[in-house]
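Below is one structure, written out as structure tokens, with a few remarks after it.
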Protein chains: 2
Amino acid sequence: MQSMVTRVSIVEDDQRIRASLSLLIESSPGFCCVGAYGTGEEALEQIPGNLPEVVLMDINLPSMSGVDCVRQLKNLLPAIQVVMLTVYNDTDLIFQALRAGASGYLLKGVKPSKILEAIEEVKHGGAPMSSYIARKVVQSFQKPQPLSQPADNLSQRERQVLDYVAQGYINKEIADALAISLETVRSHLKSIYDKLHVRSRTEAVVKHLQ
Amino acid sequence: MQSMVTRVSIVEDDQRIRASLSLLIESSPGFCCVGAYGTGEEALEQIPGNLPEVVLMDINLPSMSGVDCVRQLKNLLPAIQVVMLTVYNDTDLIFQALRAGASGYLLKGVKPSKILEAIEEVKHGGAPMSSYIARKVVQSFQKPQPLSQPADNLSQRERQVLDYVAQGYINKEIADALAISLETVRSHLKSIYDKLHVRSRTEAVVKHLQ
DNA sequence: GGGCAAATCCCCCGTACGGGGGATGGCCGC
DNA sequence: GCGGCCATCCCCCGTACGGGGGATTTGCCC
């Protein structure tokens, strides 16, 4: 079983930030800082020797980047948990870091208590993320599309009908589901085809799902 | 500008849970419950009328599923923020819900205070997730993802035909494009419907585009 | 050589679909 | 108040579609 204290290492090139993180960890009950490194290379060398459970990793390191460091670290020690800690909220960097194996991603400026919470959370299988980061991540599952939606002037009702069509409903079923007549459904479909410049339900669905 | 209170609606089929959520919202300063519905259909009908900022959505609803409800709701009201609230931590459901447009995902059993925090967080652009969920989401970036896709037994020719269907071609056009007869296209389509367990080209296309 | 799946083609038949007309209210904007 | 969209409903008509039969050829596997 694990010891009662959570072993943490820090990889951060700014000496002041490194020192203050180290101090934060050391001065908090239940945490202990087993290493603080200024470069990714140094971290890769030392970390296997003193096995922290959690690593706080700056993303902007000299020479080897934080992302690369995470990738190699997770290769060496798959069980290690990494929380990125950075000023950058650049979307690409977030996904690069997550793909590389980071499990958490905090923006610098969070309260110290949040950092400690994140360490505990990541240790117990969570994925602590600043809310902005979490939203970016969730969005990546949603529509890869709308930077500027072409504003397909569909009315609410038309969207609703199209939604049913996209679920494979035939017109009669849509009519029943919406408690309107078959003819009304057909009317809505005509407007939909007109507005989307298509000629069939299949085309409409494809356009609807982009 | 927005009012100081956060307007919340609840979609949850269990009357007791619905009542207790409603009570939680109403009795918390800064929150107000503008609707509580037992079915997705009811929610879709009523929510556009009283415009909550945040919707708490159970995933396991009778008839229309919570996921479908989210999909249609986000279609109608793209700005609305949805937090799933469920006992299921099934990976597929999580991603289905996120793809459908949910921005948060809490497991039932979280402390009431966490629910209120989540509502505020999602309102301000965050993505509140239980730690288990967050980890699943993050993992989906790490695993070289093509884990699913069990190769739906379609033959090469069938995929080709389905591809054209998904581009809105009618059968005659597909026949011309592939230089085969209309009847052959129809034959392939029959096998496709059979293999995908669908009854129309529209359903087939939807399944094909996941 | 028999079995088998893929790919090709054919016919019948009912019906869902889409295009072309309409019509009626309701609500909004100017 | 009039034109505009919206939502609702109705008719006719041709055709694309899907389900139900088939058939043939090619190639592969055992």
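Atom set for the values below is all heavy atoms of this structure, side chains included, hydrogens, waters and symmetry mates excluded. To find a chain, count down the sequence lines: A is the first, B the second, and so on, and within it residues start at 1. None of the values given here were measured: they were computed from a predicted structure.
- One interatomic measurement links the two molecules: CZ of A/R199 to C1' of D/dC17, which rounds to 15 Å at whole-angstrom precision.
- Looking at residues two or more places apart in sequence or on another chain, you find a salt bridge (charged side-chain N to carboxylate O under 4.0 Å, His left out) between B/K108 and B/E12, B/D58.
- With A/P52 as the partner, the side-chain contact (heavy atoms from CB on, under 4.5 Å) test is satisfied by one option alone out of A/I10, A/T6, A/I47: A/I47.
- Applying the side chain to side chain donor-acceptor pair (under 3.5 Å) test to B/T202 and every residue at least two apart in sequence or in another chain returns A/T202.
- Defining each end axis of the helix from C/dG1-D/dC30 to C/dG26-D/dC5 as the rotation carrying four pairs' C1' atoms onto the next four, with five pairs an end, the two axes are found to diverge by 40° to 10 degrees.
- For B/N50, the side chain to side chain donor-acceptor pair (under 3.5 Å) partners at least two apart in sequence or on another chain are B/Y37.
- Partners of B/E120 according to the salt bridge (charged side-chain N to carboxylate O under 4.0 Å, His left out) rule, which considers only residues two or more places apart in sequence or in another chain, do not exist here.
- When the side-chain nitrogen and oxygen atoms of B/Y193 are compared with OP1 and OP2 of D/dG18, one or more of them lie within a distance under 4.0 Å.
- Listed by first and then second residue, the side-chain hydrogen bond (donor to acceptor under 3.5 Å, both in side chains) pairs that reach into residues 15-28 of chain B come to none, sequence neighbours excluded.
- As a whole-Å value, the separation of A/E203 CD from D/dA16 P is 14 Å.
- Applying the salt bridge (charged side-chain N to carboxylate O under 4.0 Å, His left out) rule to B/D176 yields the partners B/K172; only residues at least two apart in sequence or on another chain are considered.
- Proximity of residues 181-191 of chain A to DNA chain D (heavy atom under 4.0 angstrom from any strand atom) is restricted to A/S181, A/E183, A/T184, A/R186, A/S187, A/H188.
- Between the B/R135 side chain and the A/V122 main chain, a donor and an acceptor come within less than 3.5 Å of each other.
- Heavy-atom distances under 4.0 Å link DNA chain D to B/I170, B/N171 of residues 160-180 of chain B, given in residue order.
- Evaluation of the side chain to side chain donor-acceptor pair (under 3.5 Å) rule for A/E121 yields no partner, not counting sequence neighbours.
- Remark: C1' of C/dA5 and CD of B/Q156 are 14 Å apart, rounded to the nearest angstrom.
- Applying the side chain to side chain donor-acceptor pair (under 3.5 Å) criterion to B/E42, with sequence neighbours excluded, gives no partner residue.
- Atom C1' of nucleotide C/dA6 and atom CG of B/D194 are separated by 15 Å, given to the nearest angstrom.
- Within the structure, ring-ring contact (aromatic ring centres under 6.0 Å, His included) contacts touching residues 160-199 of chain B (residues at least two apart or in different chains) are B/Y164-B/Y169.
- Closest approach to the B/R201 side chain among D/dC17, D/dA7, C/dG18 is made by D/dC17 (side chain taken as heavy atoms from C-beta onward).
- Distances shorter than 4.0 Å separate some side-chain N or O of B/R157 from OP1 or OP2 on C/dT8.
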